[in-house]
Amino acid sequence: MKLAGKIAIVTGAGRGIGRGVALALAAEGASVVVNYSRSAEAAEAVVNQITNMGGTAFAVQGDVASADDMNALAKITLEKYGKIDILVNNAGITRDKLMLRMTEEDWDAVLDTNLKGTFLAVKAVCPFLLKQRSGVIVNVGSVIGKVGGAGQVNYAASKSGLVGLTKSLAKELGGRNIRVNAVAPGFIESDMTDGLKEEHKEAILKQIPLGRLGVVEDVANVVVFLCSDAAAYIQGEVISIDGGLFM
Ligand code: NAP
């Protein structure tokens, strides 16, 4: 097992990619703190699934956009496990609208969750990683942060922001043996992409060289790799997982 004895926090881990990441980290031996915001039942189901496969996990409610909640998440993790090795900043939302229709509230909601949420989670965990002189942070960005998306100025800005945050943190924390990287998924089957119109999905599929949408395991496997010692010399990278859509 690549992550035996490691303690991992995954934000937004009750559903979708976060759930897949939590299960994959647990399958490699990590104890997982399953953060959720609203999906309490789903988060408990993830905990049960991990426990049933012989792993250790517990669920913690918390809004990533709240500094108090993220500080509490770090505190509870330390009380329970005594250390934090891995933070996966996965929680994210979309509020897609064309610019003229996008409200300030749409902008704030997406930036608060996707970008500020990552800042707050890192800020809460950082003092302990620095003290330990070890740790891994993986941020879940998006290919949209690299190439933009019509109707997604808020989402694209948040995910581009994550690239800058990732690279800056990688420079700041690398000297203390803390690795910081990001993944940039393309179109992955989840609740987030379920809402896409069929014709939109067909059009996207035609542009993907590997000829399929991604599944959560495609992302989870790369996150596990980045969290493991196999990625010991990877720092400040943003790895696309998009079937070749945006090369
Ligand atoms: P999803 O199925 O809609 O799940 C979103 C997750 O984020 C849920 O677990 C949700 O938890 C959590 N979340 C939302 N707001 C939160 C908050 N304020 N505090 C804590 N958790 C919060 O989406 P997904 O596809 O799994 O997306 C996961 C990440 O991958 C996001 O960052 C997304 O931008 C990124 N991504 C997805 C795709 C894709 O094609 N699916 C592509 C590129 C990047 P609750 O249900 O508890 O609120």
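Whatever order the structure lists them in is the order used to number ligands and atoms, beginning at 1. The chain is numbered in sequence order, starting from 1.
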CG of N177 to CZ of R133, rounded to nearest 0.5 Å, is 9.0 Å

Are [X] and [Y] close enough that some pair of their side-chain heavy atoms sits under 4.5 Å apart?
X	Y	result
I239	N181	no
D85	Q132	yes
V10	V32	yes
L173	L130	yes
T56	Y81	yes

Where does [X] meet ligand 1, judged by heavy-atom distances below 4.0 Å: at the side chain, the backbone, both, or neither?
X	result
T113	side chain
K159	side chain
I144	neither

When you compare ligand 1 with [X], is there at least one nitrogen or oxygen pair between them that comes in under 3.5 angstrom?
X	result
T193	no
I17	yes
P185	no
S142	no
V64	yes
Y36	no
G12	yes
G186	yes
N114	no

Can you find a side-chain donor-acceptor pair between D106 and T103 that sits under 3.5 Å?
-> yes

Return yes if a side-chain donor-acceptor contact under 3.5 Å exists between T118 and N89, otherwise no.
->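 Short answer, no.
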
[atom]: the protein heavy-atom neighbour that sits closest, reported with distance to 0.1 Å:
atom	value
atom 27 (O) of ligand 1	M192 CE, 4.0 Å
atom 13 (N) of ligand 1	A91 CB, 3.8 Å
atom 30 (O) of ligand 1	V140 CG1, 3.3 Å
atom 28 (C) of ligand 1	N90 OD1, 3.2 Å
atom 5 (C) of ligand 1	G92 O, 3.6 Å
atom 25 (O) of ligand 1	S190 OG, 2.5 Å
atom 14 (C) of ligand 1	I93 CG2, 3.6 Å
atom 8 (C) of ligand 1	R15 NH2, 3.5 Å

Using every non-hydrogen atom in the two residues, find where [X] and [Y] come nearest and quote the distance to one decimal.
X	Y	result
E28	K2	OE1-N, 2.9 Å
A124	N71	CB-OD1, 3.4 Å
K83	T77	O-CG2, 4.1 Å
K159	S142	CG-CB, 3.7 Å

Lys/Arg cation over aromatic F246: K146, 6.0 Å, 45° cone = no

Give the ring-plane orientation class for H200 versus F187, where under 30° counts as parallel, over 60° as perpendicular and anything between as tilted.
->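 The rings of H200 and F187 stand perpendicular, inter-plane angle above 60°.
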
Show the atoms of ligand 1 that are less than 4.0 angstrom away from any heavy atom in [X].
X	result
Y155	33 (C), 34 (O), 35 (C), 36 (N), 43 (C), 44 (C)
F187	40 (O)
G16	2 (O), 26 (O)
G62	19 (N), 20 (C)
D63	17 (C), 18 (N), 19 (N)
D191	2 (O)
R38	45 (P), 47 (O), 48 (O)

CD of E41: more than 12 outside heavy atoms within 6.0 angstrom?
->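 Incorrect, the count does not exceed 12.
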
Counting only heavy atoms not in D229, do more than 12 sit closer than 6.0 Å to its CG atom?
-> no

In one Ile/Leu/Val/Met/Phe/Trp/Tyr side-chain cluster, 4.5 Å: L23, I86 |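 Yes, L23 connects to I86 through the hydrophobic network.
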
To which of A13, A22, S39, G141 does the heavy atom nearest atom 46 (O) of ligand 1 belong?
-> S39

Ignoring hydrogens, just give me the one of A42, G20, S37 whose non-hydrogen atom is nearest atom 20 (C) of ligand 1.
-> S37

